[in-house]
Amino acid sequence: MKLLDYSPLALLWLGCLPWLLACGGPPRPAPTVRPRETAAPGRPGPAAGAASAGDPHSFARPNEVVVEHVQLNLSVDFTHRRIAGRAGLRLRNLTGADRLYLDTRDLDIQRVTLADGSTDAPFTLGEAVPNLGRPLEIRLPPGAQWVNVDYATRPEAAALQWLTPEQAGSPSPFLFTQSEAILARTWVPCQDSPGVRITYEATVAVPPGLLALMSAENPQAASPDGVYRFAMRQPIPSYLLALAVGDLSFRAFDRRSGVYALPAVVERAARELADTPRMIDAAVRLYGPYKWGRYDLLVLPASYPYGGMENPRLTFVTPTILAGDRSLVSLVAHELAHSWSGNLVTNATWNDFWLNEGFTVYFEWRIMEALNGKEYADMLRVLGRHDLEDAIRERGEDSPDTHLFLNLAGRDPDEATSEIAYQKGALFLTAVEQAVGRERFDRFLRGYFDSFAFHSMDTARFLAYLHANLLDAAPGLAARIGVEQWVFAPGLPAGAPRFQAGAFARVDQALAAFARGTPAGQLATAGWSTQQWLHFLHDLPASLAGASGEPGQRPPELNELADLDGAFRFTSSGNAEILAAWLQLAIQYRYEPAYPALESFLTTVGRRKFLKPLYGELVKTPDGTEMALRIYARARPTYHSVSQAAIDKILDWRG
Ligand code: BES
Ligand code: ZN
């Protein structure tokens with residue numbers, strides 16, 4: 001069997017090597033090979049494994065011994081909230097090392113054996129480091145190509161959320177994982193660095209009647225004995241390992257894609273997310289073939305801590321995007337876009353997170369533009385710019401956390417990554433697009449995804465590739481864009497792209513009219529989209545401040561909020577984005593009629609992006625803090641660890 005395919009684009013890229021060498025070159029050898037896309041892909045070669053050296057969030061040493069394939073044999077025990085079984089790891093020893101180092105956190109390691117399954121391999125678990133867990137050091141005899149790790153998870157495993165039937169909104173219990181950024185190690189002993197790629201197979205036993213799904217080839221109906229077999233044949237980083245178990249049904253959109261959800265939700269989900277096939281078509285037209293086979297979605301229970309997670313072949317999404325009018329589906333475009341930016345070309349370390357998220361937001365805008373037109377995409381761009389400016393203000397114009405290239409050593413990447421990577425990253429790519437023209441930029445991006453598919457990428461290597469393949473043809477272009485400033489300096493360059501959305505001009509007019517005293521019911525808001533309402537709520541305080549003619553803000557009066565609520569029914573909005581934005585204003589300006597809705601939101605929704613600003617606003621006053629603590633005492637056990645960690649910090653919660 002031929003193992004390595006030479007990609008024509010990768011070979012073309014090699015043509016740039018003289019340039020790279022002349023300017024110091026990238027820190028690691030260029031990937032010259034890539035795996036085949038069909039079954040049994042070849043290996044990316046030693047260079048790809050070595051790419052995680054220098055990852056401050058992993059104990060692994062993949063430049064010595066790299067794990068290439070993982071064989072899981074697991075059983076899921078809802079009674080004891082435990083996943084237990086064996087992880088078999090196929091190794092490639094690059095240096096003749098006599099030790100393998102794996103990442104673990106809160107795992108009980110019972111035994112390690114060699115390929116025969118009976119010869120013990122001596123192991124030690126190192127000291128625990130906050131966030132990182134403990135290194136598992138395994139002694140390898142010469143020539144060892146396989147180890148088996150027998151292990152069990154703990155009930156508090158940070159990746160896992162075990163839901164009671166009541167919490168799941170289902171007659172059955174529910175389990176899901178969230179591995180990004182560094183939580184895979186809390187349920188699988190592995191080289192938990194995004195610079196290392198594995199293929200995997202799994203046999204998973206769950207209580208009969210429940211369906212198990214992974215980031216892999218998936219079943220569409222429950223098996224009679226509760227045993228499922230999975231295969232992910234394309235090499236993926238560990239943060240894309242995923243598992244969900246519950247009473248789930250499936251509805252197809254077409255032959256290539258569909259949605260899984262609780263039976264009570266699946267019809268609504270299928271209607272809401274029916275644009276998915278058109279999104280796939282648009283994405284493929286933009287940046288080349290979809291390389292993962294099927295693309296399905298899984299709608300999780302409301303405690304899911306993120307909006308979405310790009311688990312390959314099976315994006316996980318929060319049910320809070322089911323607004324009833326398809327107005328929040330750009331989130332699906334985002335997770336789908338990760339099938340290229342992130343899952344094909346992967347950030348080498350979490351310091352390079354913007355290479356995943358900035359590219360993905362840019363790509364998301366392009367998909368939505370292809371589907372709904374420029375007007376629509378421009379609304380997303382303007383709202384993104386709001387978020388970016390808020391994030392920079394929050395962290396400070398000079399904060400190193402506002403750089404694209406980050407230094408997260410010693411910190412938890414889940415806490416330290418922010419909207420900056422997303423929105424500043426996308427804005428930087430837009431600046432490059434505007435400088436070279438869309439057509440050339442699209443050709444460049446397509447070549448980038450193609451050349452580096454199934455490889456990791458760091459910031460230095462991306463910049464070298466950008467120079468060699470796009471910018472250096474025109475002298476002075478990189479300097480005019482301010483590439484270095486975008487990536488390595490805080491805040492935003494002066495010439496950063498600005499967007500205008502025609503639909504928002506109408507919102508600005510309504511805001512101005514309201515600030516002048518026009519009653520809410522008389523504002524021209526007929527037919528407004530969700531994005532227009534979000535812009536309205538975001539700009540409301542500033543527009544009132546502007547109208548007052550005084551410096552600083554004039555807070556909305558309570559009767560103004562009541563007037564708005566009476567006319568537009570924000571407090572009972574079924575749109576989670578609109579409700580969350582409104583509830584934040586309600587806390588800020590003490591609009592108490594919304595407090596029952598606030599409490600119900602905080603005790604039913606676990607999405608961190610909504611929770612953080614709401615609790616953050618509550619703790620600004622003593623009685624708000626009291627209310628936050630009271631609600632959190634009840635809500636905390638229903639949140640995933642990722643959201644718990646964020647809110648613990650805001651409330652200084654010590655349980
Ligand atoms: N990959 C991220 C989620 C993530 C990032 C999980 C870092 C853990 C660590 C996902 O693609 C994402 O960005 N989700 C966003 C939605 C998106 C539309 C911006 C979210 O969850 O809000
Ligand atoms: Zn993302």
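A quick note: this is a predicted structure, and the numbers were derived from the prediction, not measured.
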Arg608 and Asp414 ion-paired at < 4.0 Å: no

Going by atom types alone, do Tyr376 and Ser330 pair a side-chain donor with an acceptor below 3.5 Å? no

Residues forming a ring-ring contact (aromatic ring centres under 6.0 Å, His included) with His535, sequence neighbours excluded: His386, Phe504

With Phe176 via ring-ring contact (aromatic ring centres under 6.0 Å, His included) - residues at least two apart: Tyr304, His640

Measure across Thr186 and Ala159 and return the closest heavy-atom pair with its distance rounded to 0.1 Å. OG1-N, 3.0 Å

Could you tell me whether a side-chain N or O of Ser341 sits under 3.5 Å from a main-chain N or O of Ala337, the two making a donor and an acceptor? yes

Is there a side-chain contact between Trp292 and Gln234 in this structure, where contact means two heavy atoms from C-beta onward sitting under 4.5 Å apart? yes

Would the distance check show the side chain of Gln522 and the main-chain N or O of Pro519 forming a donor-acceptor pair, the cut-off being under 3.5 Å? no

Please name the pair of heavy atoms, one in Leu213 and one in Leu248, separated by the smallest distance, quoted to 0.1 Å. CD1-CD1, 3.8 Å

Which pairs count as ring-ring contact (aromatic ring centres under 6.0 Å, His included) when at least one residue sits in residues 311-332, sequence neighbours excluded? none

Can Thr320 and Arg607 be counted as having a side-chain donor-acceptor contact under 3.5 angstrom? yes

Does Asp296 use its side chain to pair, donor to acceptor, with the backbone of Gly258 at less than 3.5 Å? yes

Just by modelled atom types, is the Tyr639 backbone N or O under 3.5 Å from a matching donor or acceptor in the Gln644 side chain? yes

Pairs touching residues 305-316 that satisfy side chain to side chain donor-acceptor pair (under 3.5 Å), sequence neighbours left out: Tyr295-Thr315

Does Arg381 come within less than 4.0 Å of Glu369, counting only side-chain N to carboxylate O? yes

Does a donor on one side chain and an acceptor on the other come within less than 3.5 Å for Ser573 and Asn575? no

Hey, does Tyr595 have a side-chain heavy atom less than 4.5 Å from the side chain of Met627? yes

For residues Ile367 and Ala333, report the shortest heavy-atom separation together with the two atoms involved. CD1-O, 3.6 Å

For the residue pair Asp442 and Arg366, establish whether any side-chain heavy-atom pair is separated by less than 4.5 Å. yes

Flag the pair Tyr615 / Ile587 as yes when at least one side-chain heavy-atom distance between them is below 4.5 Å, and no otherwise. no

Should Glu577 and Lys609 count as side-chain neighbours, where that means a heavy-atom distance under 4.5 Å? yes

I'd like to know if the side chain of Asn218 reaches the main chain of Ala216, judged simply by a donor and an acceptor atom lying under 3.5 Å from each other, with no hydrogens or angles considered. yes

Quick one, Asp281 and Arg256 - any side-chain contact, counting heavy atoms below 4.5 Å? yes

Compute whether any side-chain donor of one residue and acceptor of the other, for Gln161 and Ser303, lie under 3.5 angstrom apart. yes

For side chain to side chain donor-acceptor pair (under 3.5 Å), just list the numbers for Thr360 and His334, CA-CA rounded to whole Å, side-chain angles, deciding distance to a tenth of an Å, and then say yes or no. CA-CA 6 Å; Thr360 299; His334 178 97; 5.2 Å; no

How about CD on Gln500, more than 12 heavy atoms from neighbouring residues, nucleotides or ligands closer than 6.0 Å, or not? no

Heavy-atom side-chain contact between Pro541 and Leu585 under 4.5 Å: yes

Spell out, as yes or no, whether a donor-acceptor pair under 3.5 Å connects the side chain of Glu272 to the backbone of Gly324. yes

Distance from Asp275 atom CG to Leu371 atom CG, nearest 0.5 Å? 5.5 Å

Are the side chain of Tyr287 and the backbone of Leu445 linked by a donor-acceptor contact shorter than 3.5 Å? no

Minimum heavy-atom separation for Thr603 to Ala635, with atom names? CG2-CB, 4.1 Å

Under a 4.5 Å cut-off applied to non-hydrogen side-chain atoms, are Trp340 and Leu286 in contact? no

Check whether Ser600 reaches the backbone of Pro596 with its side chain - one donor and one acceptor, N or O, closer than 3.5 Å. no

Less than 6.0 Å separating the ring centroids of Trp582 and Tyr589? no

According to the salt bridge (charged side-chain N to carboxylate O under 4.0 Å, His left out) rule, which pairs have a member within residues 169-188, sequence neighbours left out? Asp103-Arg185, Arg185-Asp192

Should Arg271 and Glu267 count as an ion pair when the cut-off is N to O under 4.0 Å? no

Within the supplied structure, the quantity of interest is the number of heavy atoms (other residues, nucleotides, ligands) at a distance under 6.0 Å from Arg229 CZ; does it exceed 12? no

Would you kindly say whether Asp648 and Tyr632 are connected by a side-chain donor-acceptor distance under 3.5 Å? yes

Distance (rounded to the nearest 0.5 Å) between Ile83 CD1 and Phe78 CZ: 8.5 Å

Can you list every pair that meets ring-ring contact (aromatic ring centres under 6.0 Å, His included) and has a residue in residues 235-284, with sequence neighbours left out? Tyr239-Trp350, Phe250-Tyr260

To the nearest 0.5 Å, atom CZ of Phe568 lies from atom CG of Leu523 at 5.0 Å

